[in-house]
Amino acid sequence: MKKISYSAPGKVILSGEHAVVYGKPALVCAIDRRLTVHLIPTKVPSPKDSGMNVIEKVVKSFLKKKQISIRAVNYKYSIDSSIPIGRGLGSSAALSAATSAALLELYTGQEWSLEEINNCAYKAEQIFHTNPSGVDNTAAVFGGLIYYRKEFEFLKTISSLSLKIPLRIEENLFLIDSGKPEESTAQMVEGVGKLYNRRSVGVEKTLQNIERITKRIVVSFAKGDTLFFEKSLKDNQKELENLGVVSKSVKMLLDKLSLFGVGKVTGAGGFHGASGFILFYAKNKERFLEYMKKTHIEYMSFHSSYFGLKKEI
Ligand code: PMV
């Protein structure tokens with residue numbers, strides 16, 4: 001048996017993080033950073049880390065439920081990745097997606113549909129993050145720009161948008177690294193859940209505002225309206241601050257950067273310390289880049305990717 005390799009992209013949530021856990025839509029885009037999993041069949045079993053064991057269990061139970069026999073095969077594995085870990089850029093979802101695809105093929109000798117791979121990846125994400133919406137694994141599997149909504153556990157709407165982020169917006173988008181949050185995604189989701197229980201009317205209002213902003217960002221892309229995009233991004237950040245998922249230091253950083261553009265936290269965020277990556281739209285790119293160079297703040301350009309899960313030869 002030959003080596004089996006699959007790769008999946010990381011993602012950036014453009015709008016709708018946290019709100020998506022409550023049935024609101026999220027707009028997510030795959031990025032050009034990928035994670036690749038290689039499975040190499042071996043004679044004897046090899047050690048695996050806990051993440052791999054989780055995904056293996058999920059895939060085996062998925063096949064068992066379908067009454068499909070599982071080939072008895074041992075393997076060793078390796079992972080290459082250019083997606084930063086634990087910073088809200090979808091590294092865990094890319095791992096769940098690529099590994100599910102590779103294991104399904106290893107155990108059955110056939111390639112599986114994206115929908116079925118996505119189901120397995122979602123189940124693994126549920127174990128890793130307790131109560132995920134499924135937006136991360138969906139972006140990792142399908143790629144591109146996706147409008148996602150989980151109505152119920154059994155009804156998830158995945159709309160792959162035919163439009164792209166207009167070039168004049170994308171060429172001014174950056175991902176600024178505010179550092180690894182102290183809290184995990186599961187802890188952030190739980191924290192927002194507690195706030196919801198304490199102040200449900202106020203939080204519900206915030207979530208509705210986020211839904212409106214998510215739709216406005218889609219419209220800004222469709223129209224190529226940079227000003228509308230800029231305003232929506234700024235409003236989005238305010239609502240995330242209302243949810244409490246932006247740390248004080250990140251608010252201060254965005255205040256300083258407001259001379260050059262607007263930004264919002266992307267992903268789960270962080271209560272204390274850092275809040276992961278900031279999606280930043282530079283109105284004045286030259287001055288922004290000069291400032292970043294001077295202050296040594298880590299950042300990268302945002303590059304969308306229209307490739308989802310891919311079998312690698
Ligand atoms: O994986 P992260 O850290 O980008 O967060 C995912 C976004 C949340 O909406 C906070 C959680 C979820 O499952 O949708």
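Looking at Ser178 and Ser275, their side chains never bring a donor and an acceptor atom within 3.5 Å of each other. A side-chain donor from one of Ser15 and Asn236 sits under 3.5 Å from a side-chain acceptor of the other. Ser113 and Glu116 share a donor-acceptor pair across their side chains, judged by distance under 3.5 Å alone. In this model, a donor atom of one side chain and an acceptor atom of the other lie less than 3.5 Å apart for Glu183 and His272. Side chains of Glu286 and Tyr291: no donor on one and acceptor on the other come within 3.5 Å. Between His38 and Ser5, the side chains place a donor N or O and an acceptor N or O closer than 3.5 Å (distance only, hydrogens not considered). A donor and an acceptor atom, one from each side chain of Glu239 and Asn209, are located under 3.5 Å apart. Side chains of Glu312 and Thr36: a donor-acceptor N/O pair is absent below 3.5 angstrom, by distance only.
Side-chain N or O atoms of Gln187 include one that pairs as donor or acceptor with a backbone N or O of Ser184 at under 3.5 Å. A donor-acceptor distance shorter than 3.5 angstrom exists from the side chain of Glu170 to the backbone of Ser304, with no hydrogens or angles considered. In terms of modelled atom types and a separation under 3.5 Å, the side chain of Ser82 and the main chain of Arg34 share a donor-acceptor contact.
In this structure, the side chains of Leu309 and Leu114 come closer than 4.5 Å at one or more pairs of heavy atoms. Considering only heavy atoms from C-beta on, Asp235 comes within 4.5 Å of Arg216 through its side chain. In this structure, the side chains of Leu35 and Ser7 stay at 4.5 Å or more apart for every pair of heavy atoms. Annotation: side chain of Phe229 is not in contact with side chain of Thr226 (no heavy-atom distance under 4.5 Å). Taking the side chain as every heavy atom from C-beta outward, Ser92 and His129 approach each other to under 4.5 Å. Annotation: side chain of Phe288 is not in contact with side chain of Asn284 (no heavy-atom distance under 4.5 Å). For the pair Asn172/Phe302, no side-chain contact is recorded, criterion being any heavy-atom separation below 4.5 Å from C-beta on. Counting heavy atoms from C-beta outward, Thr266 and Ile278 have side chains that stay 4.5 Å or more apart.
Within a 6.0 Å radius of NZ in Lys311, other residues, nucleotides and ligands contribute more than 12 heavy atoms. No more than 12 heavy atoms of other residues, nucleotides or ligands shown are found within 6.0 angstrom of CD1 on Ile85.
Classification of the Tyr75-Tyr107 ring pair by plane angle, with boundaries at 30° and 60°, yields perpendicular.
Between Phe277 and Tyr299, the ring center distance fails the sub-6.0 Å criterion.
We find the CH2-CG distance between Trp112 and Asn119 to be 11.0 Å, quoted to the nearest 0.5 Å. Note that the OH atom of Tyr22 and the OG1 atom of Thr206 stand 11.5 Å from one another [nearest 0.5 Å]. In this structure, the separation between CD1 on Ile176 and CG on Leu279 is 9.0 Å, given to the nearest 0.5 Å. In this structure, CZ in Arg149 is found 9.5 Å from OG in Ser159, a value given to the nearest 0.5 Å. Annotation: the span from Phe260 atom CZ to Arg287 atom CZ amounts to 5.0 Å, rounded to 0.5 Å. With rounding to the nearest 0.5 Å, the separation of CD1 in Ile4 from CG in Leu106 is 4.5 Å.
When every heavy atom of Val73 is checked against every heavy atom of Pro41, the shortest pair comes out as CG2-CB, 4.2 Å. When all heavy atoms are compared, the tightest approach of Leu207 to Ala19 is CD2-CA, 3.7 Å. Here the closest non-hydrogen pair linking Ala97 and Ile117 is O-CG2, 3.6 Å. The minimum heavy-atom distance between Ile55 and Ala124, with the atom names listed, is CG1-CB, 4.0 Å. Across every non-hydrogen atom of Leu243 and Leu195, the tightest pair is O-CD2, 3.5 Å. The two residues Phe280 and Leu257 have their closest heavy-atom pair at CZ-O, 3.5 Å.
A salt bridge is absent between Asp255 and Lys251; no separation between the charged side-chain nitrogens and carboxylate oxygens falls under 4.0 Å. One finds a salt bridge joining Glu190 and Lys194 here, because a Lys/Arg side-chain nitrogen approaches an Asp/Glu carboxylate oxygen to under 4.0 Å. In this structure, Lys293 does not pair ionically with Glu290, as no charged nitrogen and carboxylate oxygen lie closer than 4.0 Å. Between Glu171 and Lys285 there is no salt bridge, since no side-chain N of the basic residue sits under 4.0 Å from a carboxylate O of the acidic one. Lys264 has a carboxylate O that lies under 4.0 Å from a charged side-chain N of Glu17, or vice versa, which qualifies the two as a salt bridge. A salt bridge does not link Glu241 with Lys248: none of the charged nitrogens is closer than 4.0 Å to a carboxylate oxygen.
Residues satisfying the salt bridge (charged side-chain N to carboxylate O under 4.0 Å, His left out) test with Glu298, not counting sequence neighbours, are none. Not counting sequence neighbours, Lys123 has no partner by the side-chain hydrogen bond (donor to acceptor under 3.5 Å, both in side chains) test.
Under the 4.5 angstrom side-chain criterion for Ile, Leu, Val, Met, Phe, Trp and Tyr, Ile40 has no cluster partners at all. Cluster note: Val219 groups with Phe228 through ILVMFWY side-chain heavy atoms spaced under 4.5 Å, whether in direct contact or through intervening members.
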| task | Check the pair Lys234 / Glu230 against salt bridge (charged side-chain N to carboxylate O under 4.0 Å, His left out), numbers first and verdict last. | result | CA-CA 6 Å; Lys234 198 170 168 187; Glu230 185 190 316; over 6 Å; no
| request: Run the numbers on Lys156 and Glu151 for salt bridge (charged side-chain N to carboxylate O under 4.0 Å, His left out), then give the verdict. | output: CA-CA 6 Å; Lys156 304 182 190 88; Glu151 300 286 350; over 6 Å; no
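For the salt bridge (Lys or Arg N to Asp or Glu O under 4.0 Å) condition, the pairs that include at least one residue of residues 81-101, sequence neighbours left out, are Arg87-Asp177. For residues 36-54, the salt bridge (Lys or Arg N to Asp or Glu O under 4.0 Å) pairs, not counting sequence neighbours, are Lys48-Glu56.
With a 6.0 Å cutoff to the six-membered ring centre and a 45° limit on the axis angle, Lys164 counts as a cation-pi contact of Tyr306.
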